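Comments concern the structure below.
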Amino acid sequence: MTYHPKSDFMRVMIERGFLADCTDYQSLDEALVEGVVPAYIGFDATAKSLHVGSLIQIMMLRWLQKTGHQPITLMGGGTTKVGDPSFRADERPLLTPEAIDANIDGIKQVFAKYLDYGDETNRSSSSEAVGQNNKALMLNNAEWLDGLNYLDFLRDIGRHFSVNRMLSFESVKSRLDREQSLSFLEFNYMILQAYDFLELNRRYGCLLQMGGSDQWGNIVNGIDLTRRVLDHEIYGLTSPLLTTSDGKKMGKSQNGAVWLNGDMCAPYEFWQFWRNTTDADVGRFLKLYTELPIEECERLAALEGSEVNDAKIVLANEVTTLCHGAEAAAAAEATAREVFEKGGVGDDLPTLELTADEIGDGISIVQLIVRSGLAKSGKEAKRLIAENGAKMDDAPLSEAGLVLDAAALSTPIKLSAGKKRHALVKLA
RNA sequence: GGGGAGUUGGCAGAGCGGUCAAAUGCGGUGGACUGUAAAUCCACUGGGGCAACCCACCUAGGUUCGAAUCCUAGACUCCCCA
């Protein structure tokens, strides 16, 4: 990167590794110097929570606000009804409108922790707020997509799109090359997303759309459309698509996706995810996911040998603090130290509470392992036991048929799967 | 509208009447080595059940002593022609 930005925002993006590509570095940079730039990122409501894969976008919005600009979080209430086909091998199952609304409610919760939306009264404010402050805006594209009239839309918007060009986008090419079907419904997604950008520019003066590099095509479409319809020049900026250094997709743990909502991924598990970062990723992640000064990130990343573990603890603490608060981070760290350094138990371990009713005459150890989340199925639990990977209070379980009664559970027991995954079981 | 090909475990992809829960690769889990790292090596890896055992190769029927494999109908996908 030879470009030297004048704006704080661009400087941070470049320094910290957020920048994959930008449609026009210089003009965007100048706009950022001149005044408050409203910028948006869209989030589709395909699940009740976002996961760490979206954290990089959230951090971009946070930096945007920190450097004096206005973040707009756009919920895809309308677009989720269509489903983004970009770089996907198959069609997503269609979600019901109710499910989408419920997902949006879940997703919204997390943003309040990262962005300042101002007072309730300001939150839904319209154009009035724009340019006057940099309070974040929470919007939903269902607002303008739900009521669209098909023919009007085709005539006003559709005429600006060339199917030839749409087919040439990398995001759908692989799908077509693999001879997988791409429904007309999905094919329209990029038009709707482009229209979002147009509407956000028209209504809120939004100048910039950000997103992962998989969104490049969709973003560029919005820029082109806005130029044609409104003759406004607006910008796009993408972040690299993150994989860990060992080539895996960002954000998976043994229990699946690492969610940002606390009720779907406990702070302790969240903390563990970061604590287990691969050595090679520590520096990169510190810059992207924490707000520690660059020099500090680099110092920590340079630690040698087992000392990088200290850097990983800092990383876990910082990221967990942003997402769940300082208290939760401290509790997670305390539990981790207790469990891993002393081989004991900690309050923050995933805990399964059973009522006397549930136990009845006794409950099998296999069931306990499954219900505490250490195995996905009974078969898996039994396999674990057979391979000596399952432990109860640190003693290997040898008997898969073991049944525990209420008396055996009168004091909490610790179940372990391997060396790293632990859970507590106790009476409610 | 007509013709052809296909649908197999988390994914990719073999199998084409019994020895098939089903090759192989990826992914995942456990173990060894370590630093709660990476790389490497070893093992395991469809589901339910404490177990006996049961369910399972798109769906529903059928033929067979016996079907993922054959037949019929249906659903979905891809290709070619109009």
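If you're wondering where the values come from, they're calculated on a predicted model, not measured in any experiment. We name chains A, B, ... by the order of the sequence lines, and we start the count at 1 in each one.
Look at CG on Leu404(A): it is 12 Å from C1' on C50(B), rounded to the nearest Å.
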Between Arg202(A) and Leu230(A), is a side chain to side chain contact (heavy atoms under 4.5 Å, CB included) present by the stated rule, with each step listed?
-> CA-CA 8 Å; Arg202(A) 180 145 58 194; Leu230(A) 299 177; 3.9 Å; yes

Test Phe270(A) against Trp259(A) for ring-ring contact (aromatic ring centres under 6.0 Å, His included), laying out the working first.
-> CA-CA 8 Å; Phe270(A) 187 79; Trp259(A) 303 103; over 10 Å; no

For salt bridge (Lys or Arg N to Asp or Glu O under 4.0 Å), just list the numbers for Arg299(A) and Glu295(A), CA-CA rounded to whole Å, side-chain angles, deciding distance to a tenth of an Å, and then say yes or no.
-> CA-CA 6 Å; Arg299(A) 185 188 70 78; Glu295(A) 307 77 56; over 6 Å; no

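Between Val308(A) and Leu303(A) the shortest heavy-atom distance is CG1-O, 3.1 Å. Shortest non-hydrogen contact noted between Arg275(A) and Ala316(A) is N-CB, 3.9 Å.
Using a 4.0 Å cut-off on heavy atoms, the residues of residues 292-315 of chain A that approach RNA chain B are Gly305(A), Ser306(A), Val308(A), Asn309(A), Lys312(A), listed by number. Less than 4.0 Å separates RNA chain B from at least one heavy atom of each of the following residues of residues 387-400 of chain A: Glu387(A), Gly389(A).
Listed candidates were U36(B), G48(B), G30(B). Nearest to the side chain of Leu384(A) is G30(B). Distances were taken from every side-chain heavy atom of Lys419(A) (C-beta onward) to each of U36(B), G30(B), U34(B); the shortest belongs to U34(B). Of the candidate nucleotides G30(B), C50(B), A37(B), A37(B) has the atom nearest to the side chain of Thr278(A).
In this structure, G1(B) and C81(B) make a Watson-Crick or G-U wobble pair, each of the two defining distances being under 3.5 angstrom. Across the strands present, G25(B) finds its partner in C11(B); the criterion is a Watson-Crick or G-U wobble pair with both atom distances under 3.5 angstrom. The pairing partner recorded for G35(B) is none, the criterion being a Watson-Crick or G-U wobble arrangement whose two distances lie under 3.5 angstrom. For C65(B), the paired nucleotide is G18(B), the pair qualifying as Watson-Crick or G-U wobble because both relevant distances are below 3.5 Å.
The C1' atoms of C78(B) and U72(B) are separated by 23 Å, rounded to the nearest whole Å. Comparing the P positions of A39(B) and G61(B) gives a spacing of 48 Å, expressed to the nearest Å. Rounded to a whole angstrom, the distance from the C1' atom of G3(B) to that of A14(B) is 28 Å. One C1' atom belongs to G15(B), the other to G9(B), and the distance between them is 14 Å to the nearest Å. Taking atom C1' on both U77(B) and U34(B), the two are 49 Å apart, rounded to the nearest angstrom. Using C1' as the reference atom, A75(B) and C54(B) are 28 Å apart when rounded to the nearest Å. With P as the reference atom, G18(B) and A23(B) are 16 Å apart, rounded to whole Å. Taking atom C1' on both C33(B) and G66(B), the two are 50 Å apart, rounded to the nearest angstrom.
Remark: the backbone N or O of Lys414(A) is paired with a side-chain donor or acceptor of Asp393(A) at under 3.5 angstrom. Between the side chain of Thr80(A) and the main chain of Gly77(A), no donor-acceptor pair closer than 3.5 Å is present. Within the 3.5 Å criterion, the main-chain N or O of Leu352(A) finds no donor-acceptor partner in the side chain of Arg371(A).
The side chain to side chain contact (heavy atoms under 4.5 Å, CB included) test with Leu64(A) is passed by exactly one of Met59(A), Gln70(A), Met13(A), His69(A): His69(A).
Ranked by how close their nearest RNA chain B nucleotide is to the 5' end, Val370(A) and Gly418(A) are led by Gly418(A). Residues Glu341(A) and Val403(A) both approach RNA chain B. Their nearest nucleotides, taken by heavy-atom distance, put Glu341(A) toward the 5′ side.
For Lys382(A) and U45(B), the shortest distance from a side-chain N or O to OP1 or OP2 is not below 4.0 Å. Note on Arg275(A): every side-chain N or O is 4.0 Å or more away from OP1 and OP2 of A37(B). In terms of phosphate contacts, Ser364(A) brings no side-chain nitrogen or oxygen within less than 4.0 Å of OP1 or OP2 of G49(B).
Residue Arg383(A) is classed as a sugar-phosphate contact, given heavy-atom separations below 4.0 Å to backbone atoms only.
Centroid-to-centroid, the aromatic rings of His422(A) and Phe340(A) come within less than 6.0 Å. Between Tyr195(A) and Phe153(A), the distance from one ring center to the other falls under 6.0 angstrom.
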